[in-house]
Amino acid sequence: MKTSRFHLSTLKETPADAEIVSHQLMLRAGLIRRLASGLYTWLPLGLRVLRRVETIVREEMDNAGALELLMPAVQPAELWQESGRWEQYGPELLRLKDRHQREYCIGPTHEEVITDLFRREVKSYKQLPINLYQIQTKFRDEIRPRFGVMRSREFIMKDAYSFHSDQASLQQTYQLMFETYSRIFDRFGLKYRPVSADSGSIGGNASHEFHVLADSGEDGIAFSAQGEYAANVELAEAKTDQTRSAPGQALNTMDTPDQHSIEQVSEFLSVAPSQTVKTLIVKGENDTLIALVLRGDHELNAIKAAKITGMASPFEMADAEKIKQQLNCDIGSLGPVGLTIPLFVDRSAAVLSDFVCGANQNGKHLTGVNWGRDLAEPEVVDIRNVVDGDPSPDGSGTLQIVRGIEVGHIFQLGEKYSAALNASVLDENGKSIIATMGCYGIGISRVVAAAIEQNNDDAGIIWPASLAPFQLVICPINYHKSEPVQQAANDFYLQCQQQGIDVLLDDRPLRPGAMFSDMELIGIPHRIVFSERGLKAGQCEYKGRCDEQSQDLDLAQLPAFIQQQLQG
RNA sequence: CGGGGUGUAGCGCAGCCUGGUAGCGCAACUGCUUUGGGAGCAGUGGGUCGGGGGUUCGAAUCCCUCCUCCCCGACCA
């Protein structure tokens, strides 16, 4: 491809409304353009990257025996009513009516459609297992689309659905998909990590997420540096290896005027925040209140807390006013001692002794508090986020926390949709059995953003070789003035094309600086420069996108050198 | 949905407070010069100032209203 025939559309300035680096660079490099909130056009350059992602996914899914099909983006309401999700899904589901007033939605996912297809098509256990996938545009009417294609409303996803006559078969395909996903992400050339998205308490590996690692990632991933354990922070079990020591101090009431936060109180009383306890009041069922107690330096994990029986649904913090009215003190002075509402205590808070907490009286805190002596033995639960250095739940060393972007998710669905839509086959005894299902997604468009989020520098995008829109760019200096330069560039360009190299020739009449900056912005991995000066010495120049310095090459060794670079 | 902000040329912004008929940089176009890290000079084109309504002799500017986009919302005891 020559730049003169390709719509390169780079921006020197960063668009004001793009917040994260991948979004900024995708706009600046001319990969995407915004049409409306959460809706983006993929420009030719961006589409080349998107296609590379798709191709890798497609090849590996095909290798794993999955079969590609394509389902409609628009789906009839009846199917969603049958699964019950027409009511459950809420405003994220974009609903519409046709001219006959029949109701439809634009699919955010395709479980209903695939299950409907399956029940019409597949009748016998002999046809199982089967794994069907598509690469398709989805729509979720996000409350707040942001970060460009990272969290857009319309997006491209690979979704696969497998059907089985028994759990063992599902397990087998699930394992195969896990390996396939690992191969896909290896081929992307991205740093990633599969994490279990299930606490593990239900047994089995019912769900895994694949995260591309990036400091700006929205999800926290906890993993054991020494062992296999890896889980989303939202779900990682928080353990403590401490045991409670015997009480050493007497219970004391201290005046703590205007000291509300843990930070203030611990500084005022000269104790570590980890020696204090915070008491959070949340809503319980039937308009009641429930108290949650955490160590002062820990954070509540709302997903875990929501699972406690008796919690209001959805999980919510109680209003300050109601707390004041019922407990007779402000939220900055709450404590577990003497509370008459149900009390759940995090494991780490339950092993404290001689700790500090609010006195349930404004302006006062208690010190030297001990479970079992000053108040009842606690009802112990796991309700906090894990932190760096926590013991790994599987006993293999300690946890580390990194940030990640969720780009893949594999899931054992079981019979949720097959039962609702009565998707059954006959087994070897002629008996009708409900199929059991798995589903496997990869956010194709999100992978592009995640790749940039992980790989960029001040100059722009740094594509891994497998995702780059072009592998190699030829930058001739004075292409339009110097015949030798034009000749050398054209010759090498043709030579690359004949070898099947995805090569870009920058034949725009630009000054070198402008040309180099553009090519670095769009992230082409390899660059060859031809100049009159170099050609006179029988040389050209090579620079890899991440190289500090360029290097001179003899023209004779150029083809072999490039061959080697592209393979490496 | 609630709160805050924003909207002026393709992009980034000034002008608004204190009304007088729109400007800067980049980009684009033409010509000449230049050609190893986003060139210089000269010239050109491009804006219903988000929409509608109002106040006024006169509105980008003041008032009302609708809309857009962005940020915040659940990590506080």
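The sequence lines fix the lettering, A, B, ..., with proteins before strands; numbering per chain opens at 1.
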Applied to residues 473-482 of chain A, the salt bridge (charged side-chain N to carboxylate O under 4.0 Å, His left out) test, sequence neighbours excluded, yields none

Under 4.0 angstrom, heavy atoms only, what part of the nucleic acid is [X] near: base, sugar-phosphate, or nothing?
X      : result
A/D518 : base
A/S37  : sugar-phosphate
A/R527 : base

Less than 4.0 angstrom between a side-chain N/O of A/R144 and OP1 or OP2 of B/rC1, yes or no? no

Presence of A/R511 side-chain N/O under 4.0 Å of B/rA39 phosphate oxygens OP1/OP2: yes

Between [N] and [M], how far is it from one [atom1] atom to the other, in whole Å?
N      : M      : atom1 : result
B/rA22 : B/rG46 : C1'   : 14 Å
B/rG50 : B/rU6  : P     : 13 Å
B/rA60 : B/rG20 : P     : 9 Å
B/rG10 : B/rU56 : P     : 34 Å
B/rC76 : B/rA9  : P     : 40 Å

Let me know the distance between CG of A/N478 and P of B/rA39, rounded to the nearest Å. 14 Å

Select one nucleotide: of B/rG25, B/rC69, B/rG37, the one nearest the side-chain heavy atoms of A/E13. B/rG25

Of the nucleotides B/rC71, B/rG38, B/rG12, which has the atom closest to the A/E19 side chain? B/rC71

With A/I341 as reference, evaluate A/L289, A/I323, A/I290 under the side-chain contact (heavy atoms from CB on, under 4.5 Å) test and give the passing residue. A/L289

Of A/V485, A/D552, A/D506, A/I477, which meets side-chain contact (heavy atoms from CB on, under 4.5 Å) against A/V529? A/I477

Complementary nucleotide for [N] - Watson-Crick or wobble, under 3.5 Å:
N      : result
B/rG12 : B/rC24
B/rU61 : none
B/rG43 : B/rC29
B/rU6  : none
B/rG73 : B/rC1
B/rG37 : none

For the pair A/E154 and A/K138, find out whether any cationic side-chain nitrogen is under 4.0 Å from an anionic carboxylate oxygen. no

Salt-bridge present (A/R347, A/E237; N to O < 4.0 Å): yes

Residues in contact with RNA chain B, drawn from residues 349-366 of chain A - heavy-atom cutoff 4.0 Å: none

Establish, yes or no, whether the cationic atom of A/R33 lies under 6.0 Å from the six-membered ring centre of A/W42 and within 45° of the ring axis. no

